[in-house]
Amino acid sequence: MKILVAVKRVIDYNVKIRVKPDHSDVDLTNVKMALNPFCEIAVEEAVRLKERGVASEVVAVTVGPKAAQEQLRTALALGADRAVHVQTDERVESLAVAKLLAKVVEEEQPGLTILGKQAIDSDNNQVGQMLAALTGLPQGTFASEVVIENDKAQVTREIDGGLQTVELTLPAIVTTDLRLNEPRYAKLPDIMKAKKKPLAVTTPADLGVEIQSRVTLLKVESPAERQGGIKVGSVDELVDKLKNEAKVL
Amino acid sequence: MSILVLAEYHDGQLSAATAQVVAAAQQISQADGGEIHVLVAGEAVSAEAAARLDGVRKVRVADHAVYAHQLAEPLSALLVDLAGEYTHVLAAASTTGKNVLPRLAALKDVSQISEIIGVESDDTFKRPIYAGNAIATVQSADPLKVITVRATAFDAVAEGNSAPIEAVDTVVENAQSTFVKEALAASDRPELSAARVVISGGRGMGSGENFTLLDGIADKLGAAIGASRAAVDAGFVPNDMQVGQTGKIVAPELYIAVGISGAIQHLAGMKDSKVIVAINKDEEAPIFQVADYGLVADLFEALPELESKLSGPS
Ligand SMILES: Cc1cc2nc3c(=O)[nH]c(=O)nc-3n(C[C@H](O)[C@H](O)[C@H](O)COP(=O)(O)OP(=O)(O)OC[C@H]3O[C@@H](n4cnc5c(N)ncnc54)[C@H](O)[C@@H]3O)c2cc1C
Ligand SMILES: Nc1ncnc2c1ncn2[C@@H]1O[C@H](COP(=O)(O)O)[C@@H](O)[C@H]1O
């Protein structure tokens with residue numbers, strides 16, 4: 001079985017972004033970029049399924065500018081076999097990303113496609129579900145466990161009330177949650193080897209997808225800053241302040 | 001034109017978030033004057049609670065085994081069937097809403113706007129991005145707006161209504177996904193995302209057993225108990241307790257963070273709380289920058305003392 005993993009280049013999760021003075025967007029100049037943490041978990045899961053003999057090949061795909069090839073190389077260093085880069089400099093909305101990924105799914109025919117549950121820049125949490133809709137496949141979102149058996153995937157999902165397990169026919173779409181696995185670190189020899197792994201470049205036009213924008217970003221603002229408060233010297237003072245000043249007790 | 005709100009149930013009870021999503025729908029319809037309908041989908045679910053929500057014109061009930069566990073495949077197919085009558089479809093940005101609505105959007109070839117915190121007009125909304133470190137104002141040109149709503153950003157509508165209830169007969173096929181089992185956290189405490197007081201523990205709690213130190217305080221305050229990602233990852237407590245960018249969003253009157261450093265991902269889930277208290281032994285911990293009241297102390301000493309000094313029901 002082939003596994004397709006969709007990965008996104010995003011800001012490093014440690015970076016606190018700043019809004020541009022003209023409020024047109026956030027300022028990403030000279031900001032450290034990385035593989036979206038949930039995509040790292042997705043790559044790790046695919047590689048583990050290959051190591052267990054469940055999968056035969058792991059293909060990583062990204063939609064984005066030339067620089068996103070860095071993240072494909074990271075995925076290759078983590079164990080993906082080859083990569084597909086859908087190259088574009090345009091701002092691509094989730095629905096268009098899902099349409100492009102659907103074309104790649106059509107070409108590659110993976111048994112399983114794994115995505116992150118959420119990109120930590122847009123915080124959208126939607127591409128996996130949209131891809132499932134467009135390919136007509138079942139979805140196991142927010143996965144904390146994936147078991148492949150008898151042409152089915154048993155996916156345990158992190159839901160608001162606890163955990164839910166669903167069984168999906170294959171092929172299927174899975175999105176990762178934090179507890180699915182703990183991604184490995186790429187070792188230097190793997191990083192070197194990754195440079196030689198195949199990376200195919202295509203474009204939205206090649207895939208026959210027209211990138212449309214339906215949502216206009218009118219403005220980006222900083223959130224209201226919280227005023228830092230005070231330090232209290234004792235539990236007694238804390239209780240007193242909560243009762244008599246904040247009046248929340 | 002009308003707005004459809006997908007109701008949500010927990011353990012057969014209408015989730016508190018639904019009344020907040022209806023409030024968001026009201027703000028949208030103020031701009032365009034439309035009716036608000038609520039869709040209740042499930043098996044043997046009661047629509048009465050939804051019909052009591054003010055502002056709701058009609059409750060539509062799809063009662064069938066195929067909708068029993070709100071699986072995305074049948075629920076999105078049902079919504080596709082109904083969506084033609086509406087300009088907006090709204091759901092809470094819960095794990096159910098997030099699972100189902102993007103699927104509906106793609107099937108209708110429209111975008112989905114995630115987790116709005118403000119309504120500017122019937123097509124323009126505010127939503128947090130980058131872990132809440134920026135707020136985007138976005139305008140949708142789609143004929144159908146598919147939107148998830150951050151419930152804590154809207155004040156629930158009152159309950160004095162008795163909207164008519166009407167059955168929806170649509171039954172869809174689903175051979176692709178099957179419900180296997182659910183392990184739901186059983187708790188007498190209030191729902192985390194709707195509690196008036198939340199007390200959360202982090203890695204500093206040291207173990208799952210030590211979380212019992214929060215119990216007595218939570219009892220006295222009627223609080224829900226939350227956690228940081230580190231506490232969940234370490235196996236101290238289950239995943240449904242995680243507060244943050246990628247966990248639950250809370251905005252209680254009082255949030256008490258214990259043994260939590262205050263990473264941006266955690267702050268994203270709680271910084272809209274009215275009053276924030278932090279208990280941490282490291283006076284440099286970033287959590288103190290957002291705390292109204294910070295107590296630099298060892299939690300193992302501070303918590304028992306705090307419990308003993310609170311008056312409360314028990
Ligand atoms: C993709 C992604 C998503 C994430 N999503 C979330 C999320 O939704 N929610 C979330 O919380 N995090 C999230 N994180 C993790 C986040 O970055 C932090 O790692 C996490 O919040 C740290 O948890 P913590 O504060 O409990 O642990 P630490 O950062 O280790 O802090 C522990 C604190 O406890 C204090 N302490 C220790 N012992 C004591 C004692 N005896 N008494 C008093 N204080 C003590 C220490 O001084 C320290 O400040 C995410 C990270 C990533 C990469
Ligand atoms: N530009 C992209 N290229 C490839 N995969 C993407 C892209 N954007 C989003 N994804 C995938 O979809 C997941 C969820 O993203 P989102 O719905 O944008 O929060 C990510 O973790 C990726 O796996």
Is any side-chain N of the basic residue among A/Asp240 and B/Lys309 closer than 4.0 Å to the acidic one's carboxylate O? no
A/Asn124 side chain reached by B/Arg127 side chain, heavy atoms, under 4.5 Å: yes
Under 4.5 Å heavy-atom distance to chain B, tell me which part of [X] shows up: side chain, backbone, both or neither.
X: A/Phe38; result: side chain
X: A/Ile11; result: side chain
X: A/Val248; result: both
X: A/Arg157; result: side chain

Just by modelled atom types, is the B/Val232 backbone N or O under 3.5 Å from a matching donor or acceptor in the A/Arg179 side chain? no
Applying a criterion of heavy atom separation less than 4.5 Å, what residues of residues 241-254 of chain B form contacts with chain A? B/Gln242, B/Gln245, B/Thr246, B/Lys248, B/Glu253, B/Leu254
Contacts with chain A made by residues 293-300 of chain B (heavy-atom distance under 4.5 Å), listed by residue number: B/Tyr293, B/Gly294, B/Leu295, B/Val296
Keeping to residues at least two apart or across chains, list the side chain to side chain donor-acceptor pair (under 3.5 Å) pairs with something in residues 265-287 of chain B. B/Tyr255-B/His266
Per the side-chain hydrogen bond (donor to acceptor under 3.5 Å, both in side chains) rule, which among B/Lys181, B/Gln70, B/His69, B/Glu182 passes with A/Gln164? B/Glu182
Which of residues 25-37 of chain A get closer than 4.5 angstrom to chain B, counting heavy atoms alone? A/Val26, A/Leu28
